[in-house]
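To start, the structure itself, in structure tokens.
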Amino acid sequence: MARSTAKKDVSTPTAERISSLLSQIDRSGEKPADITDRPGEFLREFYETWYVNGGLEGGKPRNSIRRMRNEWLVEENSVRSLHPKLTGQVKVGRRDGQRLIDLFLSRWLYVGSKRKDEAVTEDGYVPYPSIDLPALTANLVDAVFGLESSVILLPKPSKEEIAEDDSITASVRSYKSLIEESDALITVSSRQSVLGPSPSEGMRLWWNLIDDLATNDVLKEKLFIWVLDIGSRQVEDEGSFADFLNAGTLALHFSALANFLSEHDQDGLGYGPVGLRLGLPNDERRLRRWQWLKDHGVVVVRSRGHLELTELYREEDAASADIRLQNIGIESSHALPRTIPSAWAGALEGFYNRPIEGLADTTLSVAFKKEGWGKTDLRYWAAASRVKYLSDFSDIDREAWSVDIIELGSPGSYTDEIYRLIYFASNHRLSRGKSNNRDNMLASAFLKTIGLEVVRVDDFIRMFGIVERNPVS
């Protein structure tokens, strides 16, 4: 990818003014009135100067908000609602301000990875050339926020000023809110079917979510559907091991719900006089969670002729085995695209800030609503970085998670139709073949003809050899 290096002397009036202020503070340790009287304006100009100092990479600004959020301001240095804070929509507190100032000064100028000295980071940045960088940072934080705890609001940028580095509209949404507004949430991926900051965190956070859903009558009809490829199971096939690992991780995801207890899975006695929990474990909540998932979750698998899958529900689906179906042009690749539809390519590459070649490079969420959202009953999202926040899920504060998403339009009628078929076929499978709904039966029969099998979660676990503790029928 072509790179262009930022000029070492950024000659804009804003950059010259910021450089002069930084030099003055660095030399004298004083806090100019230009900063203390106008902290929001200074922080915006400081950010703009740093933004330009990054130059371009492949024709796009290197110092993007998305890169800040995904690579530099992560874990203990994370800044929530970063884009709204930098564009004057949300106030910035002292802690977040210090993290931003630390980042700007430690990666002040992009000089290129070919330059080799101790000051250059692996990705080609040098810090601000300060006499005492920690002291400069502390003085800047005090100048902007004062010695007491305070918050500031950055001026909103004009159309000519720096905003996000592309035209896409991204947002942070509660994962639970995506579920609440739809009748089914379909997760489609060949590499990362478990959403979360990491596979283990994803399992734990999702466990808490299901524990809440299992006791929520309002959401009791929701469906969770995962669509994945279990691979060709051939050593020579590129990607087979990754496909297999993804399927195994998802099976572990389900198994954790069947097996894991919590300190909240106790009887009602609470804590004793010496501060220790005296109540006995109550297995009822674990069984309720597991039963809820079995009643509301399926996995749609591209089997590629996997014998165990084709025989799994032969008797159960006997009533629909003789249904005659015509070829309507829909294929399994419409649900599991090897290449990303052209209607999504540009938006996804802007969203992830890297080339997107196929489903392995992204995770899609498809929401289905029986009554529809106005003109459509399907909505598509792609998920990017995942962040955690505390939320009151039920009677205690538990960790829930939000998802950084971009909403995508329909890529075409065949893709829309296959996800509708997946929804109806999932209802058929959860009814254990007893559904009298002809649409459900037709959908299930059709998916089989194109190599897709709908599997209940308990059967999916057993296929991958993960044995439940105290199995529930």
message: Are Thr187 and Leu364 packed together at the side-chain level, in the sense that at least one heavy-atom pair is separated by less than 4.5 angstrom?
response: no
query: Is a side-chain N or O of Arg302 found less than 3.5 angstrom from the main chain of Leu452, in a donor-acceptor match?
result: no
More than 12 heavy atoms from other groups under 6.0 Å of CD on Glu76: yes
message: Under a 3.5 Å threshold, yes or no: a donor from one side chain and an acceptor from the other, between Tyr419 and Asp377?
response: no
message: Counting C-beta onward and ignoring hydrogens, is there a side-chain heavy-atom pair between Thr121 and Val126 closer than 4.5 Å?
response: no
message: Using the rule given for side-chain contact (heavy atoms from CB on, under 4.5 Å), can you reason through His83 versus Gln89, listing the C-alpha separation, both sets of side-chain angles and the distance that settles it, and then say yes or no?
response: CA-CA 8 Å; His83 183 267; Gln89 304 169 53; 4.2 Å; yes
message: Below 30° counts as parallel, above 60° as perpendicular, anything between as tilted: where do the rings of Tyr51 and Tyr47 land?
response: perpendicular
- prompt: Can you name the closest pair of heavy atoms from Ile461 and Ser255 and give their distance?
  reply: CD1-N, 3.7 Å
Mutual orientation of the aromatic rings belonging to Trp292 and Phe224 [parallel < 30°, tilted 30-60°, perpendicular > 60°]: perpendicular
task: Identify the two heavy atoms, one from Trp108 and one from Pro127, that lie closest to each other, and give their separation to 0.1 Å.
output: CB-C, 3.7 Å
field: Any Leu43 side-chain heavy atom under 4.5 Å of Glu48 side chain
entry: no
Closest non-hydrogen atom pair between Lys85 and Val79, with its separation: CD-CG1, 4.1 Å
message: Could you tell me if the side chain of Met68 sits less than 4.5 Å from the side chain of Leu82, heavy atoms only?
response: yes
field: Closest non-hydrogen atom pair, Ser189 against Asn246
entry: O-ND2, 3.5 Å
message: For a 4.5 angstrom cut-off between non-hydrogen side-chain atoms, does Leu153 reach Val92?
response: no
query: Counting distance only, does the side-chain N/O of Arg286 pair as donor-acceptor with the main-chain N or O of Ala258 below 3.5 Å?
result: yes
- prompt: Is Ile225 close to Phe368 at the side-chain level, that is, under 4.5 Å between some pair of heavy atoms?
  reply: no
message: What's the separation between atom OG1 in Thr249 and atom CG in Leu245, rounded to the nearest 0.5 Å?
response: 4.0 Å
query: Any donor-acceptor pair under 3.5 Å linking the side chain of Ser333 with the backbone of Leu336?
result: no
- prompt: Going from CZ on Arg456 to NE2 on His296, what distance comes out if it is rounded to the nearest 0.5 angstrom?
  reply: 14.5 Å
field: Considering all heavy atoms, the nearest Ala367-Trp381 contact
entry: CB-CZ3, 3.2 Å
field: Phe104 and Trp72 aromatic centres sub-6.0 Å
entry: no
query: Quick one: NE2 on His428 to CG on Leu447, what's the gap to the nearest 0.5 Å?
result: 10.5 Å
field: Thr415 side, atom OG1; Leu378 side, atom CG - distance, nearest 0.5 Å
entry: 10.0 Å
Heavy-atom closest pair, residues Ile418 and Ala335: CD1-CB, 3.8 Å
task: Please check if any side-chain donor atom of Tyr313 sits under 3.5 Å from a side-chain acceptor atom of Asp459, or the reverse.
output: yes
task: Indicate yes or no for a side-chain donor-acceptor contact from Ser444 to the backbone of Asn440 under 3.5 Å, with no hydrogens or angles considered.
output: no
- prompt: Hey, does Trp50 have a side-chain heavy atom less than 4.5 Å from the side chain of Arg107?
  reply: yes
field: salt bridge (charged side-chain N to carboxylate O under 4.0 Å, His left out), paired with Glu181, selected from Lys222, Arg379, Lys369
entry: Arg379
message: Is there a side-chain contact between Phe460 and Leu250 in this structure, where contact means two heavy atoms from C-beta onward sitting under 4.5 Å apart?
response: yes
message: Once rounded to the nearest 0.5 Å, what's the spacing between atom CZ of Arg429 and atom CG of Asp317?
response: 4.0 Å
- prompt: Using a distance-only test with no angle check, is there a side-chain donor-acceptor pair under 3.5 angstrom linking Ser106 and Asp102?
  reply: no
message: Could you go through Lys448 and Glu453, starting from their C-alpha distance and side-chain angles, then the distance that decides it, and tell me whether this counts as salt bridge (charged side-chain N to carboxylate O under 4.0 Å, His left out)?
response: CA-CA 6 Å; Lys448 284 178 179 290; Glu453 182 64 69; 2.8 Å; yes
message: So, taking the atom named CG in Asp416 and the one named OG1 in Thr376, what distance separates them when rounded to the nearest 0.5 Å?
response: 6.0 Å
message: Taking the ring centre of each residue, are Tyr380 and Trp344 less than 6.0 Å apart?
response: yes
